[in-house]
Amino acid sequence: MRIEPLRREDAAAVVAAEDELTVRWLSGGHSTVAGTAEYILRLDRAAEQGRPKRAFGIRLDDRCVGTIDVDPEVADGLDPGDVNIAYGVAPWVRGRGVAVRAVELVCAVIRDRGLGTRAVIRADSRNPASSRVAEKAGFRLLRVVHSSTESQEDGRPVVLQVYGRDLPRG
Ligand SMILES: CC(C)(COP(=O)(O)OP(=O)(O)OC[C@H]1O[C@@H](n2cnc3c(N)ncnc32)[C@H](O)[C@@H]1OP(=O)(O)O)[C@@H](O)C(=O)NCCC(=O)NCCS
C-alpha cells in the first residue's frame with residue numbers, strides 16, 4: 001500500500017469508493033466524477049499559489065481505494081503547528097488496517113516536509129471508527145471540543161474528539 005498525490009485521473013475511483021459513511025463523515029455530499037476532477041484541479045492551483053493543503057490517493061495494488069489529506073490551515077479545535085488529517089477508504093477494503101497505514105504514511109510526509117509539529121485527527125464523537133483509526137495510529141486524545149464551524153442536524157455544534165501525535169523533526 002502507498003499514498004501518492006491525488007491526480008485528476010483518480011476522480012472516477014474516488015467517486016466509486018464513496019458510500020453513505022464517506023458522505024456523512026468526509027465529503028458532506030454525493031460526488032460526481034466531473035466535480036471531483038474539478039476539486040483536484042482547484043487543490044493543484046491553490047498549491048501552486050502557496051496554499052499548504054495536500055491530498056493523496058491511497059493505492060492498493062495500484063488501484064486508488066481512498067483519499068487522505070493534510071491541511072495545516074484547519075484551525076477549528078486546534079493549536080498553531082497542528083496539521084489536520086482527514087481520510088476515507090472504500091467500503092470493500094475497510095477493516096484491514098488501510099486507513100491506519102495511510103495515516104502513518106502521511107505523518108511521515110508531514111514530518112519530512114516540515115508542515116507542522118503535530119499531526120491531528122478530529123473525529124466526530126458519533127464516528128467511533130475514525131477515533132479507532134487515530135488510536136491505532138498512535139494518536140492520543142488531546143481534548144473534546146464543540147466545533148466552531150460544523151453543526152449537527154438539530155443545529156447544535158458537532159462535538160469533536162481531537163487526537164494528536166507529536167512529530168518532532170529529525
Ligand atoms: C474511518 C475509516 C477511514 C476507517 O477505515 P479502515 O481502513 O476500515 O480502518 P482500519 O481498518 O485501519 O481500522 C478501523 C478500526 O475501526 C474499527 N471500527 C470500524 N467501525 C467501527 C465502529 N462503528 N465502532 C467502533 N470501531 C469501529 C475497526 O474495528 C478497526 O479497529 P480494530 O482493528 O481494533 O478492530 C472508514 O470507515 C471510512 O472511510 N469511513 C467513512 C469516512 C470517515 O469516517 N472518515 C473519517 C473522517 S476524519
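All residue numbers refer to positions in the sequence shown, counting from 1. Whatever order the structure lists them in is the order used to number ligands and atoms, beginning at 1.
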Which ILVMFWY residues can you reach from I40 by hopping between side chains whose heavy atoms are under 4.5 Å apart?
L6, V14, Y39, L43

Show the nearest heavy-atom pair for residues A137 and R165, with the distance to one decimal.
O-NH1, 2.9 Å

Any donor-acceptor pair under 3.5 Å linking the side chain of D112 with the backbone of V109?
no

Just wondering, more than 12 heavy atoms not from R24 lying within 6.0 Å of its CZ?
yes

One pair per line, please: each N/O atom of ligand 1 matched with every protein N/O atom under 3.5 Å away, atom names first, then the distance to 0.1 Å.
residue, atom, partner, partner atom, Å
ligand 1, 7 (O), A99, N, 3.1
ligand 1, 8 (O), G95, N, 2.7
ligand 1, 11 (O), G95, N, 3.4
ligand 1, 11 (O), R96, N, 3.3
ligand 1, 11 (O), G97, N, 2.8
ligand 1, 12 (O), V100, N, 3.1
ligand 1, 33 (O), K136, NZ, 2.5
ligand 1, 34 (O), R132, NE, 2.9
ligand 1, 34 (O), R132, NH2, 3.0
ligand 1, 39 (O), V89, N, 2.8
ligand 1, 39 (O), V89, O, 3.3
ligand 1, 39 (O), R94, NE, 3.4
ligand 1, 39 (O), R94, NH2, 3.4
ligand 1, 44 (O), N127, ND2, 2.9
ligand 1, 45 (N), Y87, O, 2.7

If you link ILVMFWY side chains whenever their heavy atoms are less than 4.5 Å apart, which other residues fall into the same cluster as L26? By chain and number, please.
none

Apart from V33 itself, what residues make up its hydrophobic cluster, given side-chain heavy atom links below 4.5 Å?
V15

